[in-house]
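In each ligand, atom 1 is the first atom listed, and ligand 1 is the first ligand listed.
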Amino acid sequence: MSAGIILIGPPGVGKGTQAQLLTERRGLVHLSSGDIFRAEIASQSDLGRLAKRYIDEGRLVPNGITIEMMAKRLRTGEVRRNGFILDGFPRTVRQAEALDDDFGDLDLTLMGVVSLTASDDTILQRLAERGRADDDIETVRRRLQVFREETAPVIEHYKGKGIYRPVNSDQTIENVFSDIEECLGQ
Ligand code: AMP
């Protein structure tokens, strides 16, 4: 049995920063779908080449490929021993449903789905500071639109399950972190 949480929210809301703190302080394994794709791109694998076309345009990588990649990571012994943080996955209802199914066979438990929110101004400022290749204004606009259309329904998917935890990310890093800890009941 292994337990974990999902961090969900628009690009630039602070998911990666909070996931890193949860890893440092709680030892959870950080599974960022975006980081995994970027590592595949850097190693010039077939998966990386395929994913790059979508990422460069701010579009989602197809569900089947993404689900298979994340299921593989969730099966590792390290995840079973230490628990996990999913950052950037699931991003579509189809991915969330696949995760629900896999949870049956993998015997994984979701402790909470933390939904981070922040004002548009905060998000744009954080993305400008980060300056990643897909953070140019056109691509950011597309990614925010994809979030509203494809990922916001994932939040609705979890609301009915009693594990949905909204957290205001328009505060200092430490305050956001303590709100996350509080709503996870730790
Ligand atoms: P992120 O680092 O989470 O902002 O992700 C960067 C990019 O990777 C996204 O804009 C998508 O193109 C792709 N990506 C990351 N996670 C997923 C996912 N769960 N499903 C589909 N595409 C994803």
Handout entry: Thr139 side chain to Asp136 side chain, donor-acceptor N/O pair below 3.5 angstrom
Key = yes
Exercise for the section: Verify whether one side chain among Asp100 and His157 offers a donor that lies under 3.5 Å from an acceptor in the other. Expected result: yes
Fill in the blank from the handout: shortest atom 22 (N) of ligand 1-to-protein heavy-atom contact is with Val61 N, 3.0 Å
Problem - Location of contacts on Met69 toward ligand 1, heavy atoms closer than 4.0 Å - result: neither
Handout entry: In one Ile/Leu/Val/Met/Phe/Trp/Tyr side-chain cluster, 4.5 Å: Val146, Val61
Key = no
Problem - contact_flag Met70 ligand 1 heavy-atom lt 4.0 Å - result: no
Problem - Under 4.0 Å to a heavy atom of Ser33 - the qualifying atoms of ligand 1, by number - result: 15 (C), 16 (N), 17 (C), 19 (N)
Exercise for the section: Taking all heavy atoms of Arg91 and all of Thr151, pick out the closest pair and write down the distance. Expected result: O-OG1, 2.8 Å
Problem - Within-cut-off N or O pair, Arg130 and ligand 1, under 3.5 Å - result: no
Practice task
For Gln95, take its heavy atoms, then give the atoms of ligand 1 lying under 4.0 Å from any of them.
Solution key: 18 (C), 19 (N), 20 (N), 21 (C)
Fill in the blank from the handout: Per-atom filter on ligand 1: closer than 4.0 angstrom to a heavy atom of Arg38 are 2 (O), 6 (C)
Practice task
Say whether Phe89, considering both its backbone and side-chain N or O atoms, lies within less than 3.5 Å of an N or O atom on ligand 1.
Solution key: no
Practice task
Report yes or no: do Asn63 and Thr92 form a side-chain donor-acceptor pair below 3.5 Å?
Solution key: yes
Problem - Heavy-atom nearest option to atom 18 (C) of ligand 1, drawn from Arg142, Lys52, Arg94, Arg91 - result: Arg91
Handout entry: Atoms in ligand 1 flagged as close to Arg132, the criterion being non-hydrogen separation under 4.0 Å
Key = 1 (P), 2 (O), 4 (O), 6 (C)
Practice task
For Arg59, take its heavy atoms, then give the atoms of ligand 1 lying under 4.0 Å from any of them.
Solution key: 11 (C), 12 (O)
Fill in the blank from the handout: For atom 13 (C) of ligand 1, the closest protein heavy atom turns out to be Ile55 CG1, 3.7 Å
Exercise for the section: Give a yes/no verdict on whether any heavy atom in Lys15 is under 4.0 Å from an atom of ligand 1. Expected result: no
Completion exercise
for atom 23 (C) of ligand 1, nearest protein heavy atom and its distance come out as Phe37 CE1, 3.7 Å
Problem - Asp87 and Gln18 side chains, donor-acceptor separation under 3.5 Å - result: no
Exercise for the section: Decide whether a cation-pi geometry holds between Arg25 and Phe177; the criteria are a distance under 6.0 Å from NZ or CZ to the six-membered ring centre and an angle within 45° of the ring axis. Expected result: yes
Practice task
Taking all heavy atoms of Cys183 and all of Arg165, pick out the closest pair and write down the distance.
Solution key: O-NE, 3.0 Å
Problem - Proximal atoms of ligand 1 relative to Thr66 (non-hydrogen, under 4.0 Å) - result: 18 (C), 19 (N), 20 (N), 21 (C)
Exercise for the section: State the atoms of ligand 1, each with its element, that fall below the 4.0 Å cut-off from a heavy-atom position in Arg143. Expected result: 4 (O), 10 (O)
Fill in the blank from the handout: Rounded to the nearest 0.5 angstrom, the CD1-CG distance for Ile6 and Leu99 is 5.5 Å
Practice task
Compute the shortest N/O to N/O distance between Gly58 and ligand 1 and return yes if it is under 3.5 Å, no if not.
Solution key: no
Handout entry: Pairwise distance CG(Leu31) to CZ(Phe89) - rounded to 0.5 angstrom
Key = 10.0 Å
Exercise for the section: Could you tell me whether Glu68 atom CD has more than 12 heavy atoms of other residues or ligands within 6.0 Å of it? Expected result: no
